[in-house]
Novice: 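The structure under discussion is supplied below as structure tokens; questions concerning it will follow.
Naming convention: chains lettered A, B, ... in sequence-line order (proteins, then strands); numbering from 1 in each chain. All values derive from a computational prediction rather than experimental measurement. Basis for what follows: all heavy atoms, side chains included, without hydrogens, waters or symmetry-related copies.
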There are 2 protein chains.
Amino acid sequence: MTPPDPGLLSLNTATTRKQWGLAQAIAGCVRHGIRGIAPWRDQLREMGVQPAVHAIRGHGLSVTGLCRGGMFPAGDAARRKAAIDDNLRAVDEAHALDARCLVLVVGGLPAESKDIAGAREQVRDGIAAILPHARRAGIPLAIEPLHPMYAADRACVNTLGQALDLCDVLDPRGEGGLGVAVDVYHVWWDPQLERQIERAGKARLLAFHICDWLVPTRDMLNDRGMMGDGVIDLPRIRSWIQRAGYAGFHEVEIFSELDWWRRDADEVLATCKDRHQRFC
Amino acid sequence: MTPPDPGLLSLNTATTRKQWGLAQAIAGCVRHGIRGIAPWRDQLREMGVQPAVHAIRGHGLSVTGLCRGGMFPAGDAARRKAAIDDNLRAVDEAHALDARCLVLVVGGLPAESKDIAGAREQVRDGIAAILPHARRAGIPLAIEPLHPMYAADRACVNTLGQALDLCDVLDPRGEGGLGVAVDVYHVWWDPQLERQIERAGKARLLAFHICDWLVPTRDMLNDRGMMGDGVIDLPRIRSWIQRAGYAGFHEVEIFSELDWWRRDADEVLATCKDRHQRFC
């Protein structure tokens with residue numbers, strides 16, 4: 001496959017979160033000629049929304065997503081309501097940033113619960129509650145299916161097919177404003193991946209996140225690999241995404257306590273650029 | 001739900017592998033009134049097949065499965081052939097033990113490979129190569145879908161639906177001798193679980209393995225929980241299995257470096273019996 005357009009590379013700021021705050025990540029992207037950025041809300045709060053908007057706009061960066069909304073399930077109504085209120089604020093922040101989407105990590109089981117079907121209903125209801133506001137704000141909601149190993153504690157939406165079923169239920173007439181974020185780390189193993197990407201199509205493919213799956217994986221959360229260091233056939237998945245009509249950014253998101261978070265962040269960005277060209 | 005028939009409890013000997021060899025595990029089952037046992041081949045080799053057959057038969061235990069065949073994908077033809085030969089021997093051992101099935105952990109990606117679709121084809125071909133021998137021996141092959149977190153290094157069959165698709169391809173007329181092992185640890189998260197268990201039906205449900213999913217999970221391989229200590233709704237899954245017609249054993253399989261492998265094995269067995277009644 002032809003190497004990807006280098007202009008499509010985006011930095012999810014989780015990749016450098018141990019080294020850099022958001023202001024530094026913005027400056028880093030500018031320095032390395034990376035044209036997209038996806039901030040996390042904690043870093044956004046730290047920098048302040050208006051300064052972030054100013055810096056990002058001033059440098060002409062695209063915000064390929066805001067991380068993250070979601071975390072809907074909770075043991076009682078008050079906490080479910082609080083989660084929805086927080087998601088509404090996340091939509092507003094995404095709007096201020098002119099983000100391409102708000103990424104939803106939907107949440108896992110409430111404490112003490114073993115009712116995953118119930119948690120999934122709470123997710124459906126939570127997204128339904130914020131979708132009108134998101135549509136008015138012009139911020140598409142990107143449901144990110146997370147790897148099944150996070151089903152209990154992070155996200156009970158665990159396959160692309162399941163995420164798309166949810167889109168069908170919440171947006172039955174395809175009015176838009178709702179879709180999926182495809183992160184290769186979470187979905188690479190799925191035997192239905194190709195067909196579900198095709199099913200999603202251009203309208204519902206809102207974000208594409210890249211990294212790699214290391215063998216062995218030494219930590220369930222923070223041992224993601226740099227593109228090329230693992231077993232994911234990235235060009236193949238990119239070909240499916242493109243064939244489905246996705247022409248957006250390729251957002252690098254690497255949680256790596258043992259490796260990349262320990263390195264000089266400029267080295268990390270240079271490596272992302274190089275690997276994007278050689279392995280994606 | 002009514003507690004399960006205590007006579008359906010079986011011990012997968014992985015649960016006590018750090019404390020006991022197979023002979024001790026057999027004696028332990030007898031001492032605790034556990035009527036089923038599922039040995040691993042390394043322990044079987046250590047004890048010797050004939051002594052194991054003699055001891056198991058002498059005590060009237062049922063062998064609810066032999067662990068394990070599989071591991072088909074390999075980088076070259078010679079190694080694929082060696083894997084098939086080893087699986088044929090495993091069938092013979094299962095036959096000697098009068099096992100209810102040979103459990104197949106199908107294998108992951110060959111070294112240096114990123115071709116998971118290719119690995120899945122090798123699995124299909126490997127099972128096809130041993131199925132005639134298994135049928136002649138009267139040993140059903142139980143494809144065990146493993147959790148997607150093991151897709152790269154242990155098994156590239158990762159959902160029950162995928163395993164049943166494989167059964168449909170390899171046994172299109174339902175002649176039998178091929179089915180699935182449902183281990184709650186691997187499949188509990190799957191939104192399609194209920195419908196795929198129903199699809200499998202009595203004919204293809206060959207084994208049911210129980211344990212629990214801990215939150216947090218501290219190790220990707222050896223931190224399984226005792227029934228009741230995690231988030232899996234075991235009675236619900238058992239109800240689906242039973243409704244589909246499965247009336248076989250409930251086999252406890254717990255890999256637990258940090259907890260159960262460090263305890264007195266008699267305590268482990270007593271706990272299995274108690275938790276089986278209270279949480280399954």
Novice: Within the 4.5 Å heavy-atom criterion, are B/Arg236 and A/Asp115 side-chain neighbours or not?
Specialist: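 They are in contact (side-chain heavy atoms under 4.5 Å apart), so the answer is yes.
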
Novice: Kindly give the heavy-atom pair with the smallest separation between A/Val231 and B/Lys114, and that separation in Å.
Specialist: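 Minimum heavy-atom separation between A/Val231 and B/Lys114: O-CB, 3.3 Å.
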
Novice: For the atom pair CG (A/Leu214) and CG (B/Asp153), what is the distance rounded to the nearest 0.5 Å?
Specialist: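 Interatomic distance, A/Leu214 CG to B/Asp153 CG, rounded to 0.5 Å: 11.5 Å.
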
Novice: Given a strict heavy-atom distance threshold of 4.5 Å, which part of A/Ile116 is in contact with chain B: side chain, backbone, both, or neither?
Specialist: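 Looking at A/Ile116, just its side chain touches chain B.
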
Novice: Should the ring pair B/His147 and A/His147 be called parallel, tilted or perpendicular, given that the plane angle runs from 0 to 90° and is split at 30 and 60?
Specialist: parallel

Novice: Could you tell me whether the side chain of A/Trp189 reaches within less than 4.5 Å of the side chain of B/Thr159, counting heavy atoms only?
Specialist: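 Heavy-atom side-chain distance check passes, below 4.5 Å.
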
Novice: Does a side-chain heavy-atom distance below 4.5 Å link B/Trp213 with A/Met149?
Specialist: yes

Novice: With only heavy atoms counted, which part of A/Asp190 is less than 4.5 Å from chain B, the side chain, the backbone, both or neither?
Specialist: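 It is the backbone, since no side chain atom gets that close.
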
Novice: So what's closer than 4.5 Å to chain B heavy atoms on A/Arg218: side chain, backbone, both or neither?
Specialist: neither

Novice: How many angstroms lie between CG in B/Leu221 and OG1 in A/Thr217, if you round to the nearest 0.5 Å?
Specialist: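 Output value for this atom pair is 12.0 Å.
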
Novice: B/Ile232 versus chain A, heavy atoms under 4.5 Å apart: side chain, backbone, both or neither?
Specialist: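 For B/Ile232, backbone heavy atoms alone lie under 4.5 Å from chain A.
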
Novice: B/Met220, B/Glu112, B/Arg120: which one forms the most heavy-atom pairs within less than 4.5 Å of chain A?
Specialist: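 Option with the greatest count: B/Arg120.
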
Novice: If you count heavy atoms of other groups shown closer than 6.0 angstrom to CD of A/Gln277, is the number above 12?
Specialist: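 Yes, enclosed.
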
Novice: For B/Glu194, is it the side chain, the backbone, both, or neither that has a heavy atom closer than 4.5 Å to a heavy atom of chain A?
Specialist: neither

Novice: Name the member of B/Ala151, B/Ala152, B/Gly108 that forms the most heavy-atom pairs with chain A at distances under 4.5 Å.
Specialist: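 Result: the option with the highest number of such pairs is B/Ala152.
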
